[in-house]
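Report on one structure; see the data block that follows.
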Amino acid sequence: MPDPAAHVATACGKIILLGEHAVVHGETAIASSIGRSAEAFAQFADHTRLRLSDDSGTWVAEQGSELDQAFHALLQVLHATRPVALDARIHIPTRAGLGSSAALGVAAARSVASLLGLHPDAVRDVDAATAWERVFHGNPSGIDVAVAARGGSIAYCRRLGARPVPMTAPLMLCLVQAGPRASTRSMVEAASRFLAAHAAQGAEILAAIREAVAAGTAALQTGDTNALGKAMNDNQRALRQWGLSTSVIDMLCADALRTGALGAKLTGAGGGGSVICLAPGRENHVLDAWRSRGFVGRTIRVGAG
Ligand code: PMV
């Protein structure tokens, strides 16, 4: 009997620090792991099923649901010929733009590959998790899966894949939910429609994001928080022009900056979802300002590996 613990695998959640949406259109973006993960445990069974738990409880993915389809897509890439039961636990807030589904996909791929006796192969696990993500997101850039598989901070673009961005130290950010999360698929489609309808303005927006990402990458490597904050603000301005921000996101960013943050922006798909800000030594002031409006945020450490 194999040791069941051998088939337990984990993968981390993420935030996108700079470059979301532009990365779908071939630009580079920066993503960093957060200290929360998903874990998965695969075993052979009579029939294939996926059971999930998080803080709110435990449930089995309904046959034919997106989750069930994603799990089957992942099993197909891994050439599983016997039914597999997967038990997964998510320690990442879901529907918050924190990469819970990519983390789950990578953890599931690693655990199933181990169960099948496959040699460790990061590229294959990323392929399997990407097949899983496609069921939810249609046309994912691949950044969520790449950072879930690698941890730390990465620069990612579709053509070249991921490379690590060495940081002088993990970053402390403030994070808050700016309302219900819009679906990534619909936000990505809206962003693409904008670029098709406003080609010249779209090119300017992409160029501004490209510059912010380049400046932010250099700032991360030297620990220059002022320059990183400026890159975040420049990126947020471009995302607003792109139509991906909301009045609540704008308000929470303005609150953060007024309270002493160096930079603030939406993270992930936008249209709601999460806001991050960099406010070294001023984190509690930002959280207080958000709380006074009824938004309960928290600090997160990102990029720790
Ligand atoms: O689904 P989220 O919130 O992790 O956002 C994904 C980031 C996008 O750039 C908007 C989409 C993508 O596939 O990169």
Side-chain angles (χ1 to χ4, degrees), residues 11-34 36-38 66-67 70 90 92-106 126-127 129-151 153-162 173 175-195 202 205-206 208-210 212-213 216 232 235-236 238-246 248-249 265-276 300 302:
C12 58
K14 67 90 191 54
I15 53 122
I16 296 183
L17 205 48
L18 295 162
E20 51 276 273
H21 283 287
V23 68
V24 174
H25 301 277
E27 301 292 340
T28 299
I30 308 287
S32 300
S33 59
I34 57 172
R36 303 281 201 100
S37 57
E66 281 196 335
L67 253 180
I90 314 174
I92 305 165
T94 53
R95 300 192 56 72
L98 296 180
S100 57
S101 91
L104 201 51
V106 172
V126 163
D127 284 349
T130 300
W132 158 290
E133 277 289 274
R134 271 206 196 100
V135 173
F136 304 107
H137 295 320
N139 179 27
S141 66
I143 190 170
D144 285 16
V145 165
V147 71
R150 280 173 167 258
S153 284
I154 62 162
Y156 175 90
C157 81
R158 284 191 123 143
R159 194 167 57 84
L160 301 174
L173 298 177
L175 173 93
V176 68
Q177 279 284 121
R181 184 171 183 228
S183 99
T184 301
R185 185 195 289 264
S186 62
M187 292 308 290
V188 165
E189 284 169 4
S192 298
R193 277 197 303 276
F194 182 101
L195 293 184
I205 288 170
L206 289 177
I209 294 177
R210 193 178 310 133
V213 170
M232 291 168 73
N235 193 161
Q236 172 61 18
L239 287 164
R240 195 182 316 123
Q241 286 164 359
W242 203 343
L244 299 166
S245 195
T246 64
V248 175
I249 292 172
K265 64 183 280 294
L266 67 82
T267 181
S274 297
V275 166
I276 51 171
I300 47 164
V302 310

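All ligand and atom numbering here is 1-based and tracks the order in the structure.
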task: Could you tell me whether Glu20 and Lys265 make a salt bridge, using a distance below 4.0 angstrom between a side-chain N and a carboxylate O?
output: yes
- prompt: What residues, two or more places apart in sequence or in another chain, satisfy side chain to side chain donor-acceptor pair (under 3.5 Å) together with Ser274?
  reply: Gln177
task: Report the residues that fulfil salt bridge (Lys or Arg N to Asp or Glu O under 4.0 Å) with Arg36, sequence neighbours left out, ordered by chain and then residue number.
output: none
- request: Tell me, please, which residues at least two apart from Arg134 pass salt bridge (Lys or Arg N to Asp or Glu O under 4.0 Å).
  value: none
message: Quick one, Ile92 with Ile34, criterion side-chain contact (heavy atoms from CB on, under 4.5 Å). Give me CA distance, side-chain angles, the key distance, then yes/no.
response: CA-CA 9 Å; Ile92 305 165; Ile34 57 172; 4.3 Å; yes
- prompt: Within a strict 4.5 Å, meaning less than it, do heavy atoms of the Glu189 and Asn139 side chains meet?
  reply: no
Tabulated below should be the N or O atoms of ligand 1 paired with protein N or O atoms at under 3.5 Å; can you produce that?
{"unit_1": "ligand 1", "atom_1": "1 (O)", "unit_2": "Arg181", "atom_2": "NH2", "d": "2.6"}
{"unit_1": "ligand 1", "atom_1": "1 (O)", "unit_2": "Thr184", "atom_2": "OG1", "d": "2.6"}
{"unit_1": "ligand 1", "atom_1": "3 (O)", "unit_2": "Arg181", "atom_2": "NH2", "d": "2.6"}
{"unit_1": "ligand 1", "atom_1": "3 (O)", "unit_2": "Ala269", "atom_2": "N", "d": "3.2"}
{"unit_1": "ligand 1", "atom_1": "4 (O)", "unit_2": "Lys14", "atom_2": "NZ", "d": "2.6"}
{"unit_1": "ligand 1", "atom_1": "4 (O)", "unit_2": "Asp144", "atom_2": "OD2", "d": "2.9"}
{"unit_1": "ligand 1", "atom_1": "5 (O)", "unit_2": "Ala269", "atom_2": "N", "d": "3.4"}
{"unit_1": "ligand 1", "atom_1": "9 (O)", "unit_2": "His21", "atom_2": "N", "d": "2.9"}
{"unit_1": "ligand 1", "atom_1": "13 (O)", "unit_2": "Ser141", "atom_2": "N", "d": "2.7"}
{"unit_1": "ligand 1", "atom_1": "13 (O)", "unit_2": "Ser141", "atom_2": "OG", "d": "3.4"}
{"unit_1": "ligand 1", "atom_1": "14 (O)", "unit_2": "Ser141", "atom_2": "OG", "d": "2.6"}

